[in-house]
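In what follows, every heavy atom counts, from backbone to side chain, and hydrogens, waters and symmetry copies are set aside. Convention: sequence-line order gives letters A, B, ...; per-chain numbering from 1. Computed from a predicted model, the values in this text were never measured in an experiment.
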Number of protein chains: 2
Amino acid sequence: MENVFDILFAHIQKKVSLTVEDQQHIMRFFKPKKLRRRQYALQQGEVCTHISFVAQGLLKSYMLDEKGNEHINLFAWEGWWISDFESFIFGSPAKLDMDAVEDSTLLLLSKDNYDRMLAEVPLMERYFRILYQNSLATKDRRLISANSHTAEEKYALFLEVYPVISQRLPQHLIASYLGLSAETISRIKKKISAQRP
Amino acid sequence: MENVFDILFAHIQKKVSLTVEDQQHIMRFFKPKKLRRRQYALQQGEVCTHISFVAQGLLKSYMLDEKGNEHINLFAWEGWWISDFESFIFGSPAKLDMDAVEDSTLLLLSKDNYDRMLAEVPLMERYFRILYQNSLATKDRRLISANSHTAEEKYALFLEVYPVISQRLPQHLIASYLGLSAETISRIKKKISAQRP
DNA sequence: CGATGGCTTGATGGCCTTCAAATATGGTGG
DNA sequence: CCACCATATTTGAAGGCCATCAAGCCATCG
């Protein structure tokens, strides 16, 4: 089995160059954790005490509305981070639930360790600045898509942007992510496959 | 007239504590610019060469679809930053347009100066990390709202979250921001005012 | 196997868009 | 400062997209 930290550093090195000393320093702030499929990583109402790097597997974060419908906020797979930011930063009760779509391995970073790491390793401050900066650009695009595209356009765009991950997700989760009903995705698929026999 | 930099530093100080030396250092990276109402700050296809701090006034960034409809991505008023991130970071052609809703005063920060400032003033790296982090939490909420709320809920939420700014915006811009037609907002307003005579 | 969860298909209806036209508002130039 | 004209808002009518409800099928897995 590959060392989970190899996966972490491989992703960090894409944005900043860490020395071996930095890496050894940083490792101490993380705590590995395994999650089985369907297991919660966070439940609404709890405080989100850490952000999680996904070394392996796939998780989702979502909001339950008053009718019990799931509205997916984010999928996180290898190389992505996941948390309820608002709760993590401000210590407020989480509005989101998070759970594992597949068996997963996480690296947990507590708020204390996050703050300490950023203070002690300036390159990590930079890493997160760049990470967040890029995430903002992504979310901008998603927001515009949510507000301006039809169901069919949204689904096609999702498949185009996330061709690999879409294969690991059941359709009803993609539907929830796009703000559509599972039935609508089913009908769109049928329509598309009819167009190209 | 108040110094535009006073406004900038007042906002930065909410997140990090700058020394007077830092402030004098930082000032040199910015260039003030005034925009009249309706004037473009950026046009689609150009490269977004700088991010802008809004010292005074109000701007919007938006995307034009193939039918010429405006889909507003962001409003930026005193204390906010505005740019086409993707274009700014990667030097790609901007997908967004930006223009002034009111006469405005900006502080421009070019890509070179941005990079240099972040390298030379670690506290600014921290400032932007925190700024982006908070923006992500905001966008998360907006995305969930876009995908799960009715038109009426979205409008009510907007008024609740941005009571002051909503007064400075024509309704059709709020509609565009929420992914709704101007007519829908008009009808919602009528309905609400009928409920409380 | 039985049961559970996911996918499909049909029928119905509601929310919101679109189109159109009338009215109100407000910025701008004379 | 006023008159004008472009722009914003309102209102009505028609229709389409997509959700909801319901039922049946299919695959997986304990």
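Here the P atom of nucleotide D:dA8 and the NZ atom of B:K189 are 14 Å apart, to the nearest Å. Atom pair B:K191:NZ and D:dT11:P shows a separation of 15 Å (rounding to whole Å applied).
If you take CD on B:E86 and CZ on A:R141, they are separated by 4.0 Å, rounding to the nearest 0.5 Å.
A heavy atom lying under 4.0 Å from DNA chain C marks the following residues of residues 149-185 of chain B, by number: B:T150, B:A151, B:G179, B:L180, B:S181, B:E183, B:T184.
For D:dG12, its base sits under 3.5 Å from the side chain of B:R187 at one donor and acceptor pair at least.
Closest of all the heavy-atom pairs between A:L64 and A:E70 is CD2-CA, 3.9 Å. Of all the heavy atoms in B:W77 and B:L58, the pair that sits closest is CB-CD1, 3.8 Å. Taking each heavy atom of A:K33 and A:L108 in turn, the nearest pair found is CD-CD1, 3.8 Å.
Here the two rings, on A:F85 and A:Y132, have centers that are under 6.0 Å apart.
Between B:R37 and B:D99 there is no salt bridge, since no side-chain nitrogen of the basic residue lies less than 4.0 Å from a carboxylate oxygen of the acidic one.
Side chains of A:Q39 and A:K34: no donor on one and acceptor on the other come within 3.5 Å. A:S181 and A:T184 share a donor-acceptor pair across their side chains, judged by distance under 3.5 Å alone.
Comparing B:N69 and B:R37 by the nucleotide of DNA chain C that holds the closest heavy atom to each, the one mapping nearer the 5' end is B:N69.
Comparing the end axes of the helix from C:dC1-D:dG30 to C:dG30-D:dC1, each fitted to five base pairs by superposing C1' atoms of four pairs onto the next four, gives an inter-axis angle of 60° (nearest 10 degrees).
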